[in-house]
Amino acid sequence: MHHTRSDDTDHRTALKRNVLSWSVFVAITPMILVSCIILYQYRISYHQRVNSHLEELINKHKQNIDTFLRERLGNIQDLARNFAFEQMSQEAFLQERLNILQRSYGPVFVDLGVINSKGVQVAYAGPFKLGHARYSDADWFQKVMENKSEYYKSDVFLGLRGVPHFIIAVKITSEGETWIVRATIDFVSFNTLVEKIRVGETGFAFILNKDGRFQTHAVHDVKPDKSPYSDFLNYNDEEKKHIHILERTDDSGNMNIYVAAFLKHGDWLLVYQQKASEAFFDYRRTVNVAVVIIMLGCLLILSTAILLSNKLVRLLARIDREKQMMNEQIVETGKLASIGELAAGIAHEINNPVAIMVGEAGWIEDLLEEEEFQASENLKEFRRSLKQIHIQGKRCKEITHKLLSFARKTGSRPQDINVNELMEELIALSAQRAKFSNVAIVTDFKDDIPSICVSQSELQQVFLNLINNALDAMEKDGGQIRISTKTEGNHVVVVVADNGPGIPSANLNRIFDPFFTSKPVGKGTGLGLSICYGIIKKMKGDIEVQSTTGAGTTFLVKIPLPED
Amino acid sequence: MESKQSQTVPWKQVQKGILKKQVTAMTEEGNIQASTRIKLLLVDDEEGFVNVIANRMSKRGIDATKALSGTDALKALRGQDFDVAVVDLKMQEMDGIELLRILKKMVPEMPVIMLTGHGSERAEEEGMEYGAFDYLTKPCELDELMQKIREALPRGR
């Protein structure tokens with residue numbers, strides 16, 4: 001029911017919150033969604049790119065290593081096939097062959113040995129003193145003899161010499177005799193093949209055998225974390241033909257990327273390992289930049305939304321205030337109008353009985369003229385009484401006429417009026433009374449005031465009323481009335497200011513109300529100013545009052561100039 | 001034509017504006033013609049008003065025929081001629097303007113004075129348009145009404 005200021009404030013706070021949250025939601029959600037989608041797609045394509053790059057790298061190295069092993073095997077096979085056992089059994093010949101191989105391929109071949117079917121090395125060329133060594137119990141020898149294929153490549157092992165190495169053994173069967181040519185491949189030169197694979201700071205490669213043991217130098221302090229490798233090692237033969245990529249978190253909590261390729265027909269595993277943070281460094285950086293941009297965007301959206309919603313709420317508050325003021329004005333105007341209509345109705349109705357009363361009084365007066373009443377003692381008193389009825393009847397008539405003036409919808413015809421001339425006339429009319437009241441009327445008229453098109457009689461009524469009120473106010477002590485005219489925008493402004501006692505602020509709001517008067521009972525009808533108000537409003541003008549008790553009252557009347 | 005043209009002869013007032021019972025008029029030749037009482041048709045739906053005005057007028061040489069509505073007025077017109085009519089604007093059955101239009105058709109030469117409420121200027125203008133002689137605002141003094149009646153009568157009456 002009762003609409004309070006705090007209700008309004010609550011309402012506006014809620015509105016502000018809604019506007020803020022919705023605009024932020026609507027603006028930020030799509031931005032974040034789109035950003036996430038783009039980043040996600042970028043992540044996928046970036047991973048694909050990195051992965052295919054690594055795949056290519058590892059594939060190349062796999063081929064290199066496979067080629068290396070195949071060629072070394074080919075060297076030994078050539079040796080075994082091209083020369084007879086007798087020749088090969090001569091150490092000098094074997095040393096010559098070793099020298100040729102070392103000249104061609106560098107220190108890849110460490111030594112050469114020829115072993116008979118009993119496992120006894122019949123000839124040896126190389127830096128170690130391994131002549132006539134017995135290999136019948138050696139793992140590789142047994143495997144070669146069992147093996148149906150003609151060659152064997154061992155894992156890296158320490159063997160008799162106590163140095164990591166691996167061997168290539170080729171089995172030859174001719175003239176019922178089986179013998180074996182064995183070559184030791186230098187671990188260091190083989191290792192270089194793998195150590196060459198270095199990318200960035202954390203990318204390196206190594207080779208594991210079937211049991212997960214290093215076949216190359218353990219690089220850095222990498223412990224072969226079993227989990228990713230054991231996954232690779234468990235692959236079946238078909239899967240071993242492909243290159244595999246995994247991303248895993250290692251024991252120290254780092255995300256690593258692992259690329260694995262199988263060598264030596266699946267016996268060895270070439271593993272490339274790199275920290276994901278390095279492999280995807282560009283991606284990470286892009287994500288960081290994007291996050292910063294998104295954050296800035298959110299901040300911008302948020303501050304804009306706050307700014308706009310504040311502005312909106314301020315605007316609404318202002319509109320509310322204006323609406324309220326307008327409503328008050330409408331109520332005020334409506335009140336005046338309805339009171340006016342009511343008063344007009346009453347005035348009309350009262351006119352008739354008053355007319356009859358005055359008429360009857362006149363009739364009595366007429367009758368008193370007859371001879372029979374002339375001698376009456378009370379004749380004088382009758383006449384006084386009848387005169388009083390006439391006077392009071394006139395007073396009634398004045399009241400009803402004023403009421404009707406206030407209420408009437410159409411006035412006399414508008415005509416072009418020079419305000420200055422009109423005011424001069426009115427001042428002349430009031431001059432006599434002003435003189436008696438000891439009031440000086442001062443004028444300040446601007447010369448170039450355009451004519452206004454309104455009803456002359458109504459305008460006269462307004463200003464006469466204002467001047468009379470001022471004179472009434474200063475009747476006792478005298479004073480000054482200052483009347484000025486000027487043009488302001490498309491209005492003519494007339495100011496009637498007195499330096500009388502002023503209007504108490506309690507009364508100031510009510511002075512335009514009909515029947516409100518501060519004059520003693522019987523002196524004023526309280527209609528003068530409300531009529532003025534009605535007339536000026538009908539002219540689409542404005543009438544304002546300012547008053548300070550003890551300093552005087554100023555009425556400001558604005559009348560619009562004719563359009564066009 | 002010229003011989004009929006009359007000269008303005010003011011109504012003589014005896015004691016506070018009351019006319020003599022015998023009204024005199026003077027022709028341009030200066031002959032005093034037989035004085036007659038003025039016949040007035042007074043139309044208003046306020047009986048009290050009509051009565052008191054008629055009474056007071058009879059003391060001033062005017063025979064006022066009272067009509068409380070437009071219909072009454074038209075009935076009265078059938079029986080006799082009137083010198084002047086006073087018609088109230090606001091009546092319940094047939095309003096003053098309507099009656100005025102009918103009167104102006106029936107007896108165009110009879111002047112009609114309208115009684116109006118204050119501020120009903122449009123009605124006043126309308127009345128003048130339809131041929132009313134003049135209008136007075138209610139409540140009016142009898143003297144004002146007498147003055148208007150005097151003005152309305154053809155010169156020589």
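Letters A, B, ... mirror the listed sequences (proteins, then strands); counts begin at 1. What you see below is based on every heavy atom in this structure, not just the backbone, and it leaves out hydrogens, waters and symmetry mates.
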Okay, side chain of B:Lys104, backbone of B:Pro111: is any donor-acceptor separation there less than 3.5 Å?
no
Is the shortest distance from a Lys or Arg side-chain nitrogen in B:Lys90 or B:Asp45 to a carboxylate oxygen in the other one below 4.0 Å?
no
For the pair B:Arg56 and A:Asp366, find out whether any cationic side-chain nitrogen is under 4.0 Å from an anionic carboxylate oxygen.
yes
Could you check which of B:Ile53, B:Asn55, B:Leu142 has the highest count of heavy-atom pairs closer than 4.5 Å to chain A?
B:Asn55
Please check if the side chain of A:Thr400 supplies one atom and the backbone of A:Cys396 the other of a donor-acceptor pair under 3.5 Å.
yes
For A:Ala473, side-chain contact (heavy atoms from CB on, under 4.5 Å) partners two or more places apart
A:Pro501
Does anything in residues 93-102 of chain B reach chain A? List residues with heavy atoms under 4.5 Å apart, or say none.
none
If we count only N and O atoms by modelled type, under 3.5 Å, do the side chains of A:Thr485 and A:Asn420 hold a donor and an acceptor together?
yes
